[in-house]
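Residue numbering restarts at 1 for every chain, and letters A, B, ... go by the order of the sequence lines.
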Amino acid sequence: MFKDVVLDCIYKLNGERSASAIYHLLTGKRSSQTLQDARIYHLKNYFGILKSLNRSKFLECINQLNNNDFIIVEENNYVILTERGFSYLKKISNQEQLSQFSGLNYERITNIFNSRLQLFIQTITNVHSNNYSFLAISDDKSVQIWVKKLFNNKQNEIDKWIYGIYSELFAILSTMSQMEASVFVDRLTGFNKIGLSKMQLAKKYKQSYEDIELMLVLIIHKMLNQLIYKKQNSEFLIIFFDDLLQESFVTDSATKTYQLLKQGFGIDEICKIRKLKESTIQDHLVEIAYVDPFFDTQVFLPDEEERDITHIVEKYQTRRLKDINGYLDHKYSYFKIRLALAAIQHNGGTKKEENV
Amino acid sequence: MLLEDELKKHFGFSSFRTGQREIISDILNNKDVLGVLPTGSGKSLCYQLPARIIDGSVIVVSPLISLMVDQVKQLIASGFKDVVAINSFLSFSEKELAYKQIDSYKLIYVSPEMLQNKRFVKLLSTIKIGLFVIDEAHCISQWGHEFRPDYLKLDFIIKALNNPTVLALTATATPSVQADILNQLQCKSMKKHIHSMDRNNITFAVEAFDNIDKKIDFLVKVLAKYPVPTMVYFSSRNWTERVSSILESRLSNRSIAFYHGGMDQTERLLVQQQFMNGQLDIICCTSAFGMGINKKDVRLIIHFHLPTQVESFIQEVGRAGRDGESSVSLVLAAPNDDKLSKLLIERELPTHDQVKELCYYLNSQQGNIINEEFLIELFQLTEIQWRFLRYQLEKHDMIIDSKIMSRNKEVEVIIDEINRFILLRNRYKYEKFAELENWVTIKNCRRKGLFSSFQKYIDEPKFYCCDKCDFNILEWKPILKEKNVQSLDWKEKLKELFLQGEKHVETSRTYKADV
C-alpha cells in the first residue's frame, strides 16, 4: 500500500513538485506550503497518514520505484510518473481503498480517537474481570485523563459499555476486509491479552512496517467515515471523538485572521492589528478558503474572474501558479489564482480526477 | 502498631519477605540503614510501606528514570495516588504543577540530576521529609560498577534537607563498596542489613564454542528443547534484532520478540507487557529490558553476550525463578566475545581527544555560561560522557554553577589529570570484566566462584548447583506450562476480548433484557 500511495502522490503532483514534498505531506508537516500542496493537488486524503515515516525509508521507496522504471527522478529532484508507473497505478485493485484515506480531515483526531478507544477497552475489560492494577498501554497524559473521566462517569454501566462497544466494532469491522478486521483486533489490548506491536503485525500478516502503519490509519479513517456520516448508528464509539470534531483544521494564526475578518475588518486593517505583512494575511485567507466551503471570496475574487481562471486551469490541466499566470497574461495576482484553485476544489475538482 | 497489620492493610500481603521487616523497623526507629538485598526480593517495599506510615514525605533518589516511571505507574495502578516522579523528562508545566503541590505527595521519586537544581532542593527543604532513600546505592561508590558523579554530592543534599533518616539500598555491593557508601554518605553509624545474593533455585551453566555459528546452533537447540519463558541477553541492539529473526525462522511454533532502548515507546510497552503476560516465550534483549520487570516464572536466562562486570551479571540472572522453581542461567561463550564488551567499556567514557578539544574550547569561552546541549552536540558526547566530564570540570573549578571560570591551573594540566583518571577507570573496568571472563573458564564450582567476593558462604542449592558440580543443561527438567495455542478468526477473538464468550453470555443477555 505504501508504494501505491507514493505513486498516487507522484501522479497527482503532475511533475510539479519534488519528492520531499511527498515526504512532508505523508508525515503531515504543518507548513503552509505542504497544506497548499495537499489542497491544490488533491492530496488532502494523504496528509499526515504516515507520521512516523523516516526519511531513509522514504528514499528507499523512491529509489526502488525509480529502479523499477515506475518513476523518473529529475535533476532538480522533481518526480514524474512513467508510462509503466501510470499503467500500474491504473491497474491496482485498491484504488477504492486509497480514496478512503481522509488525512487532512482526521489528522488531529486519528491518534487521539485510537488511543482513547484502546485504553478504554483495556480499562473496562480489566475492571470487568476484577483486575484493578494493569499498566496503561497509552502513555499520553491527556488521553489517560480523558479515559479516567469517562470511566468514572460510566463505571456503573460497564456491562452496557462493553457490550455496546463490542457490537459497534463488530458491525463496523464486518464491513472491512478480513485482514483489516484481524489486524485491528490483534492490535487491541484487553484483560490478559496484550495487543501486538506494529512490528509483530507486519510479520504476522507478511506486510512491511509502513504498510501495517498505513492499514491501521486507514481502518480508523474508515471507521470515522462510517460513524460521522451516520452509515453506522453509534451511541458508544462516537463518544471517543465527538469533542474533537469542533476543532478546525487551519493554523492557529489563520484562525485569528479569520476571527478578525468575521468581525468585519478589511485586509489592511488586519495587517495593522496583527502587525503582519499583507502577503501573510493573504496566505491565511487562502488557507481558510480551502477549509471552509462557505467562506465568501467574492470580495477578493469576483465571480467572472474566478470563471476566467478556472477555465485556464481546466484547459491546460495544470495547477502550477506560474503557468496559470502566464496563460492569463499576468492579468490576475497570485492571490486571486490561489483563491480560484480553492474554489475549484470545493466544486468537486476538475475533470482530471475522473481519470484515476 | 503491628507492622504485619500495616502490610496487610496497605499492600494486601500477610507476611514480609526476608530482610524487609528488620529494615523497616529500624527506619521507623529513625536509624540510618544500608540494605543489601538481592534483586527481586522486594526492596522497594522497604520504603513504600514506611511512606504510608511515617509523618512527612519520603524522597527516593533513583538513577533509572524508566524504572522510576514504571514504579510510579504501578503504585498509581494499585491505588497509591499521592506519588510523583520528578525528572528531566517532565515538561515545564508538569514540573511546575508538581512543585506547586509538592507537600501533597507522600512519595517523591527524583533523579540525581534534579537534586543538582538548587531551586528544587530549596523547595524540598521547605517540606517535612521523613525518609531519604538512595536506591541503587552502589552508584555512589567510585568502585561501584555504575558510578554516578551526581551521587557523590548526596551528603550535601541530605544536610540541606535537615538530616532526615537515610536508607541506602542496593542489590549488589562487595564489602569494599559497602564501606565506600558509608564513607561517602558520612553516615558511619549506619545499620547494615546484608543478605545473601545467592538464589538457591538458580543453576549455573556455561557452554563454550569455536565460533559464533555453533553458538547460535546451540542456542536454537536449547530453546527448542525447553519451551519455557526465556530471556536472552545481548550487548548490542543490532544483535537482538539479528538473532531474534534467526530464531523466528528456526523455531516455528514459538513467539519471539526483541526489545531494546531504540524502539518506539508504545512498541516497547506492548512487547514488555506481552512477555509479562506470558504471550511471548522468548525475548531477545539488551540490558534495557528487565528493570522493573516483575515476572515470576522466567525459567531460563541466557547470556549470548556477557555484561561488563560480575555485578550486572548477578542482577540479570536474578530475574530468573522468582517463584522459587528450578531456573537456569546459561552463558554462551565464543572466541572474540570480549571485543564487543571492551568496546562498550571504552565508549562509556570520553576519548582523550574529546577531553582535549572540549577543554581547549571551554578555555576560549571564559566567563560564558555553558550550553549543555550545544556542547554534547559539538563534541559528539553521550549523556553519560557529558555527566562524567561536567563532574570532572567542576572538580577542577573550570565550571562553577554552569559558568566557565578563568583557570588557575594550566589547561594542559587539567586535561592531563582528567585523562589519567579515565585511563585509571578504564583499567579498573577491564579488571572487572576480566573477573567475569575468569569465571567463565573457572575449573571448580561456579556458584562459589560467582559469589565469593560478596559473601563467605553460599546456600545449599535447591535443585542443581552448576555444570561443574552436578548439572548438564541438556538434562534439565523444568516445569513446563501447558500453552493453548488457538487460532481464532477475528470475530471469535473480538468476542473473547470483550468477554462475550459462552461464560459471559449471561451478562450480555441480561443487558439486552434491560433495554
Worksheet item: Among Leu135(A), Ile137(A), Thr125(A), which residue forms the greatest number of heavy-atom pairs with chain B at distances under 4.5 Å?
Response: Leu135(A)
Discussion item. At a 4.5 Å cut-off on heavy atoms, which part of Phe170(A) comes close to chain B: side chain, backbone, both, or neither?
Written reply: both
Discussion item. Quick check on Ile121(A) against chain B: is it the side chain, the backbone, both or neither that has a heavy atom closer than 4.5 Å?
Written reply: side chain
Worksheet item: Ser52(A) versus chain B, heavy atoms under 4.5 Å apart: side chain, backbone, both or neither?
Response: neither
Practice prompt. Pick one of side chain, backbone, both or neither for Phe134(A), based on which atoms fall under 4.5 Å of a heavy atom in chain B.
Written response: backbone
Discussion item. Please rank Ala136(A), Gly190(A), Ala181(A) by heavy-atom pairs under 4.5 Å with chain B and give me the top one.
Written reply: Ala181(A)
Worksheet item: Should the pair Lys495(B) and Tyr166(A) be classed as cation-pi, given the thresholds of under 6.0 Å to the six-membered ring centre and 45° from the axis?
Response: no
Item to complete: Decide if the gap between the ring center of Phe234(B) and the ring center of Phe258(B) is smaller than 6.0 angstrom.
Response: no
Worksheet entry | Atom group of Glu157(A) that falls short of 4.5 Å from chain B, counting heavy atoms | neither
Fill in: Closest non-hydrogen atom pair, Leu223(B) against Leu251(B)
CB-CD1, 3.8 Å
Discussion item. Out of the candidates Glu180(A), Met179(A), Met215(A), only one should pair with Tyr205(A) under the side-chain contact (heavy atoms from CB on, under 4.5 Å) rule; please name it.
Written reply: Met179(A)
Item to complete: Please look at Leu494(B) and chain A and tell me whether the side chain, the backbone, both or neither of the residue comes under 4.5 angstrom of a heavy atom of that chain.
Response: both
Worksheet item: Taking NZ, NE, NH1 and NH2 as the nitrogens, is one of them in Lys198(A) or Glu210(A) under 4.0 Å from a carboxylate oxygen of the other?
Response: no
Discussion item. Under 6.0 Å from the ring centre and within 45 degrees of the ring axis: does the NZ or CZ of Arg52(B) meet both conditions for the six-membered ring of Phe80(B)?
Written reply: yes
